[in-house]
2 protein chains.
Amino acid sequence: MTLDRMDRKILEILQEDATIPVAEIGKRIGLSTTPCWRRIQKLEENGVIQRRVAVLDPKKVNVGVTVFVSITTSHHAQDWLDQFHGVLSAFPEIVEFYRMSGEVDYLLRVVVPDIEHYDAFYKKLISQIELTEVSSAFAMEQIKFTTSLPLAYAVPEPA
Amino acid sequence: MTLDRMDRKILEILQEDATIPVAEIGKRIGLSTTPCWRRIQKLEENGVIQRRVAVLDPKKVNVGVTVFVSITTSHHAQDWLDQFHGVLSAFPEIVEFYRMSGEVDYLLRVVVPDIEHYDAFYKKLISQIELTEVSSAFAMEQIKFTTSLPLAYAVPEPA
DNA sequence: CCTGAAAAGATTCACGG
DNA sequence: CCGTGAATCTTTTCAGG
């Protein structure tokens, strides 16, 4: 699917605030309600817009602490990997989970209320699956966090 | 603010899908529209719900590659730190930015289309501010990514 | 604090340019 | 592909238990 500048403008608005009425979005980008609405529909059908969600304040739901967990493993059989992915993905505290190149095999972002709860999480984690090497790095401060992806790369070259 | 089980149920639903009508949410949790709506209002007023946003598919907007960038710096003056925070936060490719404890001083999550574009981003970054040590780790696969925070820690003990 | 219904507003659709 | 206007459905407010 190709995204033109209108689509990009719509996405820019909706990434920041999905409560804005379609009529208002149209007004901002110079389009009337229906064509604007049709573009949004298409963006949803094509999966460019995956979902609309409420973003919560981590501190207000008592998960103000972020920990990055680096995992190195010696297992490489597919069976074990599938189980590993499944077990880890099921933890609600694990909000991001990447397979990495380089030194570390996997990187997790974990959210918990404090260090004590992280310790409890950690114990539960290692009790459920065997991990060769695990190292934890604590975030002291979240300086930036956004769900808005850059859209400069999404638009085709100007005609 | 204290969140009871009803609030938590509402948040669980809205974190996953913020398009569900209030009447439907009420039905699911056993509440009629008005009280459910009032609870949502309160959660927004109190900042528990920060915003409602559209979540996009990174690949479909051409930023399928995630890179974690670790930064160590020798500067510690407040002036320099403020500038550092400002300069980095302005990059739309930097979607997360943490001050860390331990080895590394800062950790970034950067999204770009591919390694070539990461190189361009990197050059731009180091041209704008002096960084003592920078190391990049590429994610090969995003196994899990969710904007839903765990809510088990948010609820007060059963009365 | 709750229920049920009415008013206000947004989304969706049929039709025409 | 864009726009206008009307029908439908949601949200929001209000009267009352």
Side-chain angles (χ1 to χ4, degrees), chain A residues 1-57 60-62 147-148 151-159, chain B residues 1-57 60-62 147-148 151 154-159:
Chain A
M1 187 200 184
T2 51
L3 304 172
D4 65 13
R5 285 168 214 77
M6 282 296 194
D7 290 326
R8 173 180 150 174
K9 283 185 188 174
I10 290 170
L11 293 174
E12 259 162 15
I13 293 169
L14 288 178
Q15 276 199 121
E16 290 298 323
D17 185 352
T19 68
I20 298 172
V22 178
E24 168 65 22
I25 298 174
K27 208 180 288 176
R28 288 197 199 174
I29 68 177
L31 221 57
S32 72
T33 308
T34 304
C36 186
W37 177 80
R38 272 197 283 251
R39 279 170 180 270
I40 294 170
Q41 289 305 307
K42 202 165 209 172
L43 291 165
E44 283 173 349
E45 275 166 29
N46 292 332
V48 178
I49 298 174
Q50 280 185 329
R51 54 210 326 213
R52 288 146 183 269
V53 303
V55 176
L56 310 187
D57 183 332
K60 300 233 163 121
V61 296
N62 198 28
T147 53
S148 291
L151 295 176
Y153 302 110
V155 182
E157 296 309 307
Chain B
M1 187 199 186
T2 50
L3 303 172
D4 64 13
R5 283 168 216 77
M6 282 295 192
D7 290 325
R8 172 179 153 173
K9 283 185 189 172
I10 291 171
L11 293 174
E12 258 162 14
I13 293 170
L14 288 178
Q15 277 200 122
E16 291 298 324
D17 186 351
T19 68
I20 299 171
V22 179
E24 168 65 21
I25 297 174
K27 207 182 286 174
R28 289 198 199 172
I29 69 178
L31 219 57
S32 71
T33 308
T34 304
C36 186
W37 178 81
R38 270 199 284 257
R39 280 171 181 270
I40 294 170
Q41 288 304 307
K42 204 167 208 169
L43 291 166
E44 283 173 349
E45 276 166 31
N46 293 331
V48 178
I49 297 174
Q50 282 184 327
R51 55 211 325 216
R52 288 147 184 269
V53 302
V55 176
L56 310 188
D57 182 332
K60 300 234 164 120
V61 295
N62 198 27
T147 54
S148 292
L151 294 176
V155 182
E157 296 308 308

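Each chain gets a letter, A, B and so on, in the order its sequence line appears, and its residues count up from 1.
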> Could you state the CD1-P distance from B/I40 to D/dT13, rounded to the nearest angstrom?
Replying inline: 13 Å
>> Measure CD1/A/I25 against P/C/dA10 and give the value in whole Å, please.
In response: 12 Å
>> Please report the distance, rounded to the nearest Å, between CH2 in B/W37 and C1' in D/dT11.
In response: 8 Å
>> Could you tell me how far apart A/I29 (CD1) and D/dC1 (P) are, to the nearest whole angstrom?
In response: 14 Å
> If you pin B/S32 and A/T33 to their nearest nucleotides in DNA chain C, which one's is more 5'?
Replying inline: B/S32
> Any donor and acceptor pair, going by atom type alone, linking the side chain of B/D4 with main-chain N or O of B/M6 inside 3.5 Å?
Replying inline: yes
> Of the candidate nucleotides C/dT3, C/dC15, D/dT11, which contains the atom at the shortest distance from the side chain of B/R38?
Replying inline: C/dT3
> Rounded to whole angstrom units, what separation is found between the CD atom of A/E45 and the C1' atom of C/dT12?
Replying inline: 13 Å
>> Distance criterion of 3.5 Å, no angle test: do you see the side chain of A/T34 paired donor-to-acceptor with the base of C/dC13?
In response: yes
> Only one of B/R52, B/R39, B/Q50, B/R51 clears side chain to side chain contact (heavy atoms under 4.5 Å, CB included) with B/E44; which?
Replying inline: B/R52
> Of the nucleotides C/dT11, D/dT12, D/dC2, which one has an atom closest to the side chain of A/P21?
Replying inline: C/dT11
>> Just the rounded figure in Å: distance from C1' of D/dT11 to CG of B/L14.
In response: 14 Å
